[in-house]
Amino acid sequence: MKTRTIGSARLALGAALAALTAAAVPALAADPPKEEVPFWAIGRPKSDVAAKMAPVPAFPIPTAADKLPVGKIKVPPGFKVEVWASNVLDARSMREGDKGTVFVSSLFVAGKIYAITDKDGKREVKTIAEKLELPSGIEYHKGNLYVATPKQIMRFDNIEANLASPPKPVVVYDKLPGDIPHGWKFIKVGPDGKLYFPVGAPCNICEPSDKYTRIFRMNLDGSNVETVALGMRNTVGFDFHPKTGELWFTDNQRDWLSEDLPQDELNRVSQPGKDHFGYPFCHQGTFVDPEYGWGKSCDDYKKPAALLGPHAAPLGMRFYTGKMFPSQYQGAIFIARHGPWNRTNKYAADVVVAFLDGKGNVTKVEPFLTGLVENNQYLGRPVDVMVMKDGSLLVSDDHNGAIYRVSYKR
């Protein structure tokens, strides 16, 4: 009896061990879950320095007005910088309405559209739309406010008369790809009365379909969509020459190739629908991509009008059409450079000005508004510029949630 008991026990123990082993083998063989790589990190070099680089987040709350770095900002003699509005969380693109309302968009942090009005001599910031997906692109045209997300373009009718109770938006166009990488917009109505909008590359570097890397235009009702520019990686700012009507745009080039290459671009569209600006085959007009450039020549693509620095992140830009600034600024282009996140030495975070000759060629690019980089850290990050009706220049700063005003006094 004792022998049988021991034998039964051994059999039971063996069965138990077999069951445990069978259960354990799949667990040991299974791959651990892979951590999803954010789109901006794809292609990042495997080095300790690169591993520490990541996009610079905007502050989760706006910087208090008395803490804003306006005292650090430097501008040329005769110009003055002041805080025009604070408490504008994640301030991005700006447009001025017929009655003087300044509309401001936001991006990753806020997801809101603001309206800034004067009330008893003080500026009041109102939220007129919220819980939107990356509503960076806005345009004001004939009383209506257009708002673009990665998925659609909508319109708020007669907006300045309804700031207290904004109307339900009308969807104008809903056939955008919707990708988050470089999916946020900058939109503007051109001199031809059409609405221009970009669709950036859904990646750092790739060769996507013809739905991407283009600037398009369409009728204001969303019909007749056509290509204006090709080979554009990611533009978040463009404007039209006040005399020729030509489209000019800033373009952010690829990441992770080098700390000092490639340089971002200012581009000029001289042949709408035909001009190809190189992406993903050629960068900054001078060298082909190490992966996608084989068999390609930069001579086959449109050259940049100007180079704006490596990873400088040029965003909003405007031709100066006001009367306040000195004559040499008439017709010049003011460009907001957000500043690089994937570069060891931080720089830019400024506004530069590109001067043009009589033929529309850029003769030089000079610093205009500086002082927002200190101890290799950003004190502020300009996003957009806008010429006010009085000729002054507004500069949005999403890092601090503020808008500065630059004026000139003779």
Side-chain angles (χ1 to χ4, degrees), residues 62 84-107 109-174 176 184-198 217-223 236-240 316 318 321 383-390 392-396 398 401-403 405:
W84 188 81
S86 59
N87 197 35
V88 193
L89 178 64
D90 197 23
R92 297 284 295 193
S93 294
M94 300 177 291
R95 295 292 188 274
E96 186 176 11
D98 296 328
K99 299 177 182 178
T101 305
V102 172
F103 298 96
V104 186
S105 71
S106 61
L107 192 57
V109 178
K112 298 179 179 182
I113 304 295
Y114 307 98
I116 304 177
T117 57
D118 279 319
K119 185 177 181 180
D120 300 328
K122 295 183 179 180
R123 287 177 193 92
E124 184 177 74
V125 180
K126 301 178 181 179
T127 298
I128 59 172
E130 57 186 337
K131 297 180 180 179
L132 301 176
E133 182 183 35
L134 309 184
S136 179
I138 58 173
E139 172 66 316
Y140 181 89
H141 183 69
K142 294 184 176 180
N144 302 325
L145 183 69
Y146 294 80
V147 176
T149 72
K151 295 180 180 178
Q152 63 182 10
I153 299 174
M154 62 192 87
R155 186 186 71 238
F156 292 84
D157 292 332
N158 196 20
I159 187 64
E160 279 191 291
N162 295 283
L163 295 178
S165 182
K168 183 178 179 180
V170 176
V171 175
V172 175
Y173 188 73
D174 61 0
L176 296 172
W184 50 95
K185 307 294 178 207
F186 183 96
I187 60 175
K188 191 169 180 62
V189 174
D192 54 6
K194 296 179 181 289
L195 185 65
Y196 287 66
F197 62 94
R217 66 183 172 191
M218 65 183 181
N219 295 332
L220 295 181
D221 62 2
S223 63
V236 197
F238 49 80
D239 199 7
F240 301 87
R318 297 292 196 287
T321 55
V383 176
D384 197 15
V385 291
M386 185 181 74
V387 182
M388 294 283 279
K389 290 183 176 68
D390 66 359
S392 62
L393 187 76
L394 293 188
V395 180
S396 62
D398 68 340
I403 298 173
R405 178 177 181 263

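In this text, all values refer to a predicted model and were calculated from it rather than measured experimentally.
Judged purely by atom type and a 3.5 angstrom limit, Ser93 has no side-chain atom pairing as donor or acceptor with the backbone of Ile138. For the pair Ser105 (side chain) and Gly137 (backbone), a donor-acceptor distance under 3.5 Å is absent. No donor-acceptor pair under 3.5 Å is formed between the side chain of Tyr173 and the backbone N or O of Ala148. At least one donor-acceptor pair closer than 3.5 Å links the side chain of Ser106 to the backbone N or O of Gly111.
The pair Asp90-Arg92 does not count as a salt bridge, with every side-chain nitrogen at least 4.0 angstrom from each carboxylate oxygen.
No more than 12 heavy-atom neighbours from other residues, nucleotides or ligands sit within 6.0 angstrom of NZ on Lys119.
The shortest distance between side-chain heavy atoms of Trp84 and Ser392 does not fall below 4.5 Å. A heavy-atom distance below 4.5 Å is not found between the side chains of Leu393 and Met388. Arg405 has its side chain within reach of Asp390: a pair of non-hydrogen atoms, C-beta onward, lies under 4.5 Å apart. Using a 4.5 Å heavy-atom threshold, the side chains of Leu89 and Lys112 count as separate. Between Thr101 and Ile159, the closest side-chain pair of non-hydrogen atoms is not below 4.5 Å. Side chains of Glu96 and Val387 form no contact here, defined as non-hydrogen atoms less than 4.5 Å apart.
In this structure, the separation between CG on Leu163 and CG on Asn158 is 9.5 Å, given to the nearest 0.5 Å. Residue Arg318 holds its CZ atom at 6.0 Å from CG of Asp239, rounded to the nearest 0.5 Å. Once rounded to the nearest 0.5 Å, the distance linking CD1 of Ile113 with CD of Glu130 reads 11.0 Å. To the nearest 0.5 Å, atom OG1 of residue Thr321 and atom NZ of residue Lys389 are 11.0 Å apart. Residue Ile153 holds its CD1 atom at 7.5 Å from NZ of Lys185, rounded to the nearest 0.5 Å.
Between Arg155 and Leu220 the shortest heavy-atom distance is NH1-O, 4.5 Å. Of all non-hydrogen atoms in Phe238 and Pro198, the two that sit nearest each other are CE2-CD, 4.1 Å. Contact between Ser396 and Met94 at its shortest, heavy atoms only, is N-CE, 3.6 Å. Counting all heavy atoms, side chain and backbone alike, Ala91 lies closest to Val383 at O-CG2, 4.0 Å.
Among residue pairs with one or both ends in residues 134-152, those qualifying as side chain to side chain donor-acceptor pair (under 3.5 Å) are Arg95-Glu139, Asp98-Tyr140, Tyr140-Glu160; sequence neighbours excluded.
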Could you please spell out the steps behind the side-chain contact (heavy atoms from CB on, under 4.5 Å) verdict for Arg123 and Val102?
CA-CA 10 Å; Arg123 287 177 193 92; Val102 172; over 6 Å; no
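With Phe103 as the fixed residue, the side-chain contact (heavy atoms from CB on, under 4.5 Å) test singles out one of Val147, Ile128, Ile116: Ile128.
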